[in-house]
Enquirer: 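Here you go, one structure.
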Amino acid sequence: MSKTAYVRTKPHLNIGTMGHVDHGKTTLTAAITKVLSERSGGGTSYVAFDRIDRAPEEARRGITINIAHVEYETDTRHYAHVDMPGHADYVKNMVTGAAQLDGAILVVSALDGIMPQTAEHVLLARQVGVDHIVVALNKADAGDDELTDLVELEVRELLTSHGYGGDSVPVVRVSGLRALEGDPRWTASIEALLDAVDTYVPMPVRYVAAPFLMPVENVLTITGRGTVVTGAVERGTVRVGDRVEVLGAGAQTVVTGLETFGKPMDAAQAGDNVALLLRGVPRDAVRRGHVVAEPGSVEPRRRFTARVYVLSAREGGRATPVATGYRPQFYIRTADVVGDVDLGDAAVARPGDTVTMTVELGRDVPLEPGLGFAIREGGRTVGAGTVGEVL
Ligand SMILES: Nc1nc2c(ncn2[C@@H]2O[C@H](COP(=O)(O)OP(=O)(O)OP(=O)(O)O)[C@@H](O)[C@H]2O)c(=O)[nH]1
Ligand SMILES: [Mg+2]
């Protein structure tokens with residue numbers, strides 16, 4: 001049962017594909033692993049399309065529902081890549097996936113251009129703190145150059161309007177599908193995209209010395225061993241044998257095992273995508289949205305002030321204003337919590353407005369100034385905000 005341990009030889013970054021449904025995110029993800037697996041001295045294994053979209057409903061409907069993680073290595077870096085769903089009904093999964101990205105690949109079909117979730121994902125990425133975007137203009141094999149030029153202009157404008165500096169963002173014309181088929185012109189396009197990611201997305205500062213904190217993304221059971229929680233370490237370092245607290249479950253426990261992509265490790269640090277085996281915690285006591293942290297290092301709270309941008313109807317938001325007493329869902333880290341909005345002296349907030357509000361959540365969660373969140377209602381994003389003061 002001895003598995004090869006994870007050896008940290010290159011800097012590790014978290015990236016992912018986002019964009020409108022069917023623009024080719026999963027195909028591109030598979031193509032990236034294929035191209036890199038064929039590089040000499042690689043360290044990347046090819047992950048085929050149907051191993052990324054592997055739930056039966058995903059295979060049947062031909063869409064991505066769950067976030068899938070794959071890993072690969074370029075010459076200079078080790079990447080964990082999340083392939084996010086584009087379909088409007090699954091944007092909440094995209095929100096929790098994007099919360100941990102150091103950079104994102106925005107996939108835009110050169111045939112279709114900007115579509116509703118293209119714009120929504122850019123807005124959410126900004127909100128959850130993704131600082132760098134590289135654009136893959138996909139399906140370039142099937143598009144004509146003039147139309148693709150127009151799409152590129154449109155995408156640069158969209159990025160600029162969300163503060164991404166659209167003029168300097170790399171835009172690479174690719175074909176995930178032809179690259180998967182091994183067409184050299186298009187495997188070269190994937191190489192060019194990866195070079196753009198390697199050079200344009202900087203290595204973020206990792207707060208490895210801070211107290212350990214990891215938002216729980218998923219919970220699994222390993223028969224005979226116990227409960228496992230997965231997620232990206234937000235800050236600090238955790239070692240096998242460390243005592244941790246599961247905020248939300250009200251439990252203290254000990255980490256008895258640590259893995260990244262199936263490889264055991266002795267210590268995980270900020271930025272790593274990991275699975276933690278927790279001693280004696282029942283499977284149903286832990287949920288997505290809970291936070292694993294160094295005991296006593298954070299105190300969950302429920303009241304805070306926030307600056308919130310209320311999306312306009314054109315951006316997919318509400319058509320009518322919100323007032324005090326409004327009760328939408330708040331997406332904070334991986335948590336999804338109802339909250340009461342108090343607008344104070346302002347009577348209403350109209351779509352398109354940026355306002356200050358006081359929020360009272362339905363339960364305590366770890367909060368801190370500067371933390372980004374999304375506000376959703378009836379399956380769509382209606383606002384995006386940042387925590388001001390925790391009350
Ligand atoms: N011509 C062409 N078709 C492509 C390319 N990439 C993907 N496709 C096709 O586009 C369709 C959607 O591809 P997916 O990779 O599933 O798209 P997706 O963005 O992951 O979709 P969701 O995850 O459901 O949002 C499939 O039929 C692909 O074969 C490409 O580079 N060229
Ligand atoms: Mg997909």
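Order of appearance sets the numbers: ligands from 1, and atoms from 1 within every ligand. The residues of the chain are indexed from 1 along the displayed sequence.
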Enquirer: Who's the nearest protein heavy-atom neighbour of atom 7 (C) of ligand 1, and how far?
Expert: Thr27 OG1, 3.4 Å
Enquirer: Considering only heavy atoms, does Asp141 approach ligand 1 within less than 4.0 Å through its side chain, its backbone, both, or neither?
Expert: side chain
Enquirer: If I take atom NE2 from residue His132 and atom OH from residue Tyr164, how far apart are they, to the nearest 0.5 angstrom?
Expert: 9.0 Å
Enquirer: Compute the ring centroids of Tyr72 and His81, then answer whether they are less than 6.0 Å apart.
Expert: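 Between His81 and Tyr72, which both carry aromatic rings, the centre distance is below 6.0 Å.
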Enquirer: Are any non-hydrogen side-chain atoms of Lys34 and Ile32 less than 4.5 angstrom apart?
Expert: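 No, side chains not in contact.
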Enquirer: Return yes when Trp186 approaches ligand 1 closer than 4.0 angstrom through a heavy atom, no otherwise.
Expert: no
Enquirer: Looking at atom 5 (C) of ligand 1, what's its closest protein heavy atom, distance included?
Expert: Leu177 CB, 3.5 Å
Enquirer: Establish, from distance only, whether the side-chain atoms of Asp198 and Tyr79 form a donor-acceptor pair under 3.5 Å.
Expert: yes
Enquirer: Starting from atom 21 (O) of ligand 1, which protein heavy atom do you reach first, and at what distance in Å?
Expert: Asp22 N, 3.1 Å
Enquirer: Just by distance, do the side chain of Asn138 and the backbone of Gly176 share a donor-acceptor pair under 3.5 Å?
Expert: yes
Enquirer: Within the protein, is there a heavy atom lying under 4.0 Å from atom 27 (O) of ligand 1?
Expert: no
Enquirer: Listing by chain and number, which protein N, O or S atoms are under 2.8 Å from the Mg ion (ligand 2)?
Expert: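 Protein N, O or S atoms closer than 2.8 Å to the Mg ion (ligand 2): Thr26 OG1, Thr64 OG1.
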Enquirer: Considering the heavy atoms of Ser175, write down every atom of ligand 1 situated less than 4.0 Å from one of them.
Expert: 30 (C), 31 (O), 32 (N)
Enquirer: Check whether Arg283 reaches the backbone of Thr227 with its side chain - one donor and one acceptor, N or O, closer than 3.5 Å.
Expert: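 Answer holds: no.
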Enquirer: Where do Thr324 and Leu343 come nearest, in terms of heavy atoms and distance?
Expert: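 It is OG1-N, 2.9 Å.
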Enquirer: Which one holds for His23 and ligand 1: side chain close, backbone close, both close, or neither close, with close meaning a heavy atom under 4.0 Å?
Expert: backbone
Enquirer: Quick check: does any side chain N or O of Lys263 sit under 3.5 Å from a backbone N or O of Val7, one acting as donor and the other as acceptor?
Expert: no
Enquirer: Quick one: does ligand 1 sit under 4.0 Å from the side chain of Thr26, the backbone, both or neither, non-hydrogen atoms only?
Expert: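 Both backbone and side chain.
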Enquirer: Any idea which protein heavy atom is nearest atom 25 (O) of ligand 1, and the distance to it?
Expert: Lys25 NZ, 2.8 Å
Enquirer: Whether the side chain of Asp272 engages the backbone of Gln269 through a donor-acceptor N/O pair (distance < 3.5 Å, no angle test) should be reported.
Expert: yes
Enquirer: Provide, to 0.1 Å, the distance between atom 9 (C) of ligand 1 and the closest protein heavy atom, together with that atom's residue and name.
Expert: Lys139 NZ, 3.9 Å
Enquirer: Between Thr26 and Phe49 (side chain of the first, backbone of the second, donor and acceptor by atom type, cut-off under 3.5 Å), is there such a pair?
Expert: no
Enquirer: Under 6.0 Å between ring centres, would you say that holds for Phe373 and Phe330?
Expert: yes
Enquirer: Any protein heavy atom at under 4.0 Å, with atom 12 (C) of ligand 1 as the reference point?
Expert: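 Answer yes: something from the protein, a heavy atom, is under 4.0 Å.
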Enquirer: Considering only protein heavy atoms, which is closest to atom 23 (O) of ligand 1, and at what distance to one decimal place?
Expert: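 Of every protein heavy atom, Thr64 OG1, 2.6 Å lies nearest to atom 23 (O) of ligand 1.
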